[in-house]
Amino acid sequence: MIDSPGLCRELRCLVCKSTSHWHIFTPIGGIVVESEIVEDCSSRDPLLGIDSLDSSSGVKSDEYLDLQLRVFRLTFLLTIFAVGIAGFFLGIQASASLFVGALSGIFYFRLLARGVGRLGTSSKIVGKVQLLVPVLLVLVSSRFPQLDLIPALLGFLLYKPALIIEFLSMP
Amino acid sequence: MDSITTAASVVAAGLAVGLGAIGPGIGQGSAAQGAVEGIARQPEAEGKIRGTLLLSFAFMESLTIYGLVVALVLLFANPFAG
């Protein structure tokens, strides 16, 4: 449906959300001509999509994604183990703080991986946005009495054993 | 918290972040330079180089985080505050 003689665009995202169709209606000599443009949306970077890391460069680097997924999996396992141990020995508050810290550690690592993935393609430097995560964690832990600072910081550092294990298992 | 403790905490927080960020900053810069050069020379090894760079960055940046945490604890949860 065209309400004006000007340019009318209709955006239709397909099922996979990786491509979108643009229908452009252009009036040429009293006749409205419809042309269709298929645009690849994979270059658009959703905020935290793992698959979006290297799509901007168009370079296939499955090893990098596999490494991230392995580290995330290992960190989740360590988090579950540590939260269980802390809940059993130290109580629910310490285990909740540990869990919050571990989640923020995973988020920090995700942001760092995103920055490294963009290095050399769409950015010349690795961003420092990820350093805001421990800052916010300490601020939140000091503001809310439901969270303990030390368990939260220990939880934040839970990604490091996963990194060490991953580093040692590298060929 | 008396004024001497407050002043010392603020100075110590600044030193902890500032001095703690020098080494990792230099290290990250040289690591990124080497990685980008390596990717430019061997594009087929990009995944491996990026993975190693990510692990190196995570290890290096944790030093900055230690200093940052010490500074934040001194500023917002000071154990020396009476």
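Just so we're on the same page: letters track the sequence lines, and every chain starts at 1.
Between A32(B) and L119(A) the shortest heavy-atom distance is CB-CD2, 3.9 Å. Listed here is the closest heavy atom pair of Y159(A) and S62(B): OH-CB, 4.3 Å. When all heavy atoms of L163(A) and A58(B) are compared, the pair lying nearest together is CD1-CB, 3.1 Å. A pairwise comparison of heavy atoms in L68(B) and P134(A) identifies CD2-CG, 4.2 Å as the closest pair.
Looking at heavy atoms from C-beta onward, I65(B) lies in side-chain contact with Y108(A) at the 4.5 angstrom threshold.
Both the backbone and the side chain of L112(A) come within less than 4.5 Å of a heavy atom in chain B. Neither the backbone nor the side chain of L137(A) comes within less than 4.5 Å of any heavy atom of chain B. Residue contact with chain B, scored on non-hydrogen atoms closer than 4.5 Å, involves the side chain of L149(A) exclusively. In this structure, chain B has no heavy atom under 4.5 Å from any part of V133(A).
If you take CG on L157(A) and OH on Y66(B), they are separated by 5.0 Å, rounding to the nearest 0.5 Å. The line from CZ of F167(A) to CG of L54(B) is 11.5 Å long, rounded to the nearest 0.5 Å. From S142(A), atom OG reaches atom CG of N78(B) across 11.5 Å, with rounding to the nearest 0.5 Å. The CD atom of Q130(A) sits 9.5 Å away from atom OG1 of T64(B), with the distance rounded to the nearest 0.5 Å.
Under a hydrophobic-cluster definition in which Ile, Leu, Val, Met, Phe, Trp and Tyr are linked whenever side-chain heavy atoms come within less than 4.5 Å, directly or via other members, L75(B) and F144(A) are assigned to the same cluster. I26(B) and L19(B) fall within the same hydrophobic cluster, where Ile, Leu, Val, Met, Phe, Trp and Tyr residues are linked whenever their side-chain heavy atoms come under 4.5 Å apart, directly or through other members. F156(A) and F109(A) fall within a single hydrophobic cluster, where Ile, Leu, Val, Met, Phe, Trp and Tyr are joined by side-chain heavy atoms under 4.5 Å apart, directly or via other members. By the rule that hydrophobic residues join a cluster once side-chain heavy atoms approach within less than 4.5 Å of another member, I106(A) and I164(A) end up as members of one cluster. The hydrophobic clustering, which links ILVMFWY residues whose side-chain heavy atoms are closer than 4.5 Å, places L158(A) and V140(A) apart.
At most 12 heavy atoms of other shown residues, nucleotides or ligands fall within 6.0 angstrom of atom CD1 in I92(A). Residue I4(B) places its CD1 atom among 12 or fewer non-hydrogen atoms of other residues, nucleotides or ligands, all under 6.0 Å distant. Counting heavy-atom neighbours within 6.0 Å of F59(B) CZ, excluding the residue itself, gives a total above 12.
Partner of E63(A) under the side chain to side chain contact (heavy atoms under 4.5 Å, CB included) criterion, out of E46(B), R50(B), K48(B): K48(B) alone.
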